[in-house]
Amino acid sequence: MGLEEHRHTIRAVVADPTLTYRQRIQALALAAEDVLEPPAVSAECAEALDKGLICDLAEGHAPHRPRYTLPDYQRALARGSEFLELPPPTTFDDATTFLLALYGNVPSITGYPVWFGDLDGLLEPFADELDDAELHARLRRFWVLLDRLFPDAFAHANLGPADSRVARTALAVHREARQVVPNLTLRVEPGTTPDDLLLDAMRTVAAVAQPHLVNHPMMVADLGARYGVVSCYNSLPVGGGSHTLVRLDLKEAAHRHRGPASSFVVDTLPAAVELTAELMEARIRHLVERAGFFEHSWLVAEGLLSLERMTAMFGLVGLAECVEHLLDLDGEPGRYGHDERADALAHDIVRATAALVGARDLPYCEATGGHALLHSQAGLEADVDLTPGTRVAAGTEPGLYRHLQAVAPNHRWFPSGVSDIVRLDETVADNLQAAVDIAKGAFGLGMRDVTFEVANGEFVRITGYLARRADLARVDAGHGVRHASTVLGAGSFTNAHLDDRRPQRVRSPERDARPRR
Amino acid sequence: MTLALVADVIDASYVDGPGNRYVVFLQGCTFRCVTCHNPHTIATCPTVGARWIDVADLHAEIAARAPFLSGVTVSGGEATLQWGAVHELFRRLAADPATSGLTRLVDSNGDAAPEVWDVLASSMDGAMVDLKALDPDVHRALTGHGNDRVLASIRQLHGLGQLTEVRLLVVPGENDTPEQVAATGRWLAELDPPPPIVVQGFRRAGTRGVAHHLPEATLAGLDEVAAGLVAAGLPESAVHVRGAAALATGVPVTVTVSDPA
């Protein structure tokens, strides 16, 4: 891109009437960053990036902060902060004030924090002083500030697995507030999470399409007890996070393959994985060695983030189309989610990718053994005919059990998150125990993440975040909206035919600072 | 080998009892309800779609789904017409550790002999019984039969502690006059403790013939019936309007639910 083009881009951002001030600043920052040359990679890697075999998800040309950060809020509350000039809080109000001040100073790819922490664990110690009504009123105010100060639906709070007053009250507040921020995940552990809390979660799902559920024992086994779920269901180490997320388009990889389906994982996949890893390595080195984030961030200086707790995310997308194309090459058509042979091939590809990613050393990923974590990436706005992550192709999902049988075997290979959407008939709203039953069955089947979708008139799930229909309509009509994430969702809303009642089948960007309409 | 004549099965239903349930719809019914939403299940002889299934096979299918289920409901048609097969299925479910934790419910029109309930009482957790109308004439108009056996079944099951719920299907203009609602409420209030009463609305989906000309129930109409029942002496905590969430959002209330093919 020449200087004139950059000027044109910046002019367009400056004059865009639909952007809020914060959105404009964010877009200008990215435009400025992209004047620089991206981190150097081989010609082959650059070609793969250019042709879309791999994609850096619009992270920008000069990585200067990790894509996802998960500050150790527990430590901050216990020790206070020199940078924030705040002592350790002793009351509930002090604690929420402390956290809001901290959130305002947390960097991430979106310009807002992607993680608000385990809110029940953080706040429960301060809740004893409050009766139920006081706790409710205070959490409600806190909720309002989370949404108004950090208007970005990737910003994610976690609850559970244990029951607590704060968890119960937070769910109640979430049902009332009808906000898309915070994005919400409940960690579920058999024997620890009572059915009744799960039922409360389902009541919340029916009302506002949240929370997402994560299999806590499975996460602890893979990442240890100190993990958090951020952004679009990305699980990462607390006290660190992910430098970057680069994804590999398996559909494009399949189209580059020559030979039988069975040789894909041997002949084509390894090189594609290596190209992805090469880009990741270049970006990580830029962030750590050139931009020096871990040398100058106050979060690192105060021990809330550390390089030793960092990793990187290797994303996959388009498994459904990949399998379909490979089986076509064999002259034996089959579809993932419908044919046993297609399922088996899909599982082979995921397992092989996990092995390759696990064997590829990456710098500064000490938190996860010096290599990246595999992630099932939920899509980009620009994606056309490309199924998010490792989901069964949109609109063609088979019956409930067949669907879960197809996707569940993949889950063990995605420690940093895999979201398969389980769509429930609207009649479940009158019988939420059914959703609890299905969640428990899904976890029993080895699923790591379960996202429920109940038909709902107001909330639309984009990839792993929510937007409200009324807000999407405003964007469509050329008006600005408060949530940057809603602007991202708007294109998907149209492209994915959400009016045909497939609110959960949407592809869209996890993040793109440049709104497109 | 025990065979059941099965009209259909649904392996994930949210509308046939508490939680996610495996539902077996048995073929054949004693009533001819004008409001029937599964009219193809009425004939007692094998019809198109119905098939004989070994109860052992049904049990195996249910066992495979058990981790996802709260229980099993046998519906119809009229489930008790094939009470032997139902009893055998339930006994097998109870005996197998993989399925013994599932609740076993019968969804019935109540038109069964007392001896049938005496048998099923040992293998089922309970029955959900329809009361189409308390007034025998209205009942005959809606179902083609009187309701003596239905009322007796409700009393008997209540006495056995196995009356899971009584369902009132509101057909506007037919069985929801204030007098009928009050009489029904008084009759049900005599059962002590009162069973859960479910008020649900007639919908045209799945029905045939004359039912297409009947008006559908509205949420306001169901609330009115529920209020009438409470006014007649039933505790508010015992009366539930079903389909309220769906009606409130304008989403059609579906009668039976399965995954789209």
Side-chain angles (χ1 to χ4, degrees), chain A residues 175 190 195 198-199 202-203 205-209 337-338 392 394-406 408 422-447 450 452-459 469 500-503 505, chain B residues 9-23 37 61-73 98-99 101-103 105 128 164-165 167 196 198-201 203 205 219 222 240-261:
Chain A
R175 289 193 292 271
D195 266 21
L198 263 179
L199 201 60
M202 294 309 171
R203 204 168 287 136
V205 167
V208 294
H338 298 269
V392 172
T396 73
E397 293 87 343
L400 175 69
Y401 305 112
R402 181 67 185 83
H403 183 189
L404 299 185
Q405 176 198 332
V422 180
R423 188 179 191 190
L424 300 180
D425 187 281
E426 58 274 12
T427 54
V428 84
D430 276 327
N431 183 3
L432 294 166
Q433 179 61 40
V436 173
D437 292 343
I438 291 164
K440 289 160 86 174
F443 285 142
L445 208 57
M447 285 182 71
V450 180
F452 281 115
E453 185 78 36
V454 179
N456 183 294
E458 189 176 357
F459 291 88
R469 275 177 192 272
D500 299 342
R501 296 187 50 93
R502 284 196 211 140
R505 315 292 188 215
Chain B
V9 299
I10 288 178
D11 62 6
S13 168
Y14 321 140
V15 296
D16 293 284
N20 186 35
R21 307 189 73 80
Y22 192 102
V23 186
H37 52 253
E61 288 245 339
I62 292 164
R65 303 294 185 223
F68 292 87
L69 299 172
S70 271
V72 177
T73 297
T99 53
L102 303 178
T103 56
L105 298 178
M128 302 177 284
T164 302
E165 67 186 31
R167 296 167 160 183
V198 173
V199 179
Q200 44 194 14
R203 309 288 290 194
L219 182 55
L222 298 186
H240 313 275
V241 174
R242 185 160 299 157
L247 279 170
T249 56
V251 176
V253 178
T254 43
V255 177
T256 54
V257 184
S258 62
D259 298 306

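Chain identifiers are assigned alphabetically (A, B, ...) following the order of the sequence lines, protein sequences preceding nucleic acid strands; residue numbering begins at 1 within each chain.
Note that the CG atom of A:D437 and the OH atom of B:Y14 stand 10.0 Å from one another [nearest 0.5 Å]. We find the CZ-CG distance between B:R65 and A:L400 to be 8.5 Å, quoted to the nearest 0.5 Å.
With a 4.5 angstrom heavy-atom cutoff, A:L432 does not touch chain B via any of its atoms.
Between B:S70 and A:Q433, the closest heavy-atom pair is OG-CG, 3.8 Å. Between B:V15 and A:N431 the shortest heavy-atom distance is N-ND2, 4.4 Å. The minimum heavy-atom distance between B:F68 and A:G441, with the atom names listed, is CE2-C, 3.2 Å.
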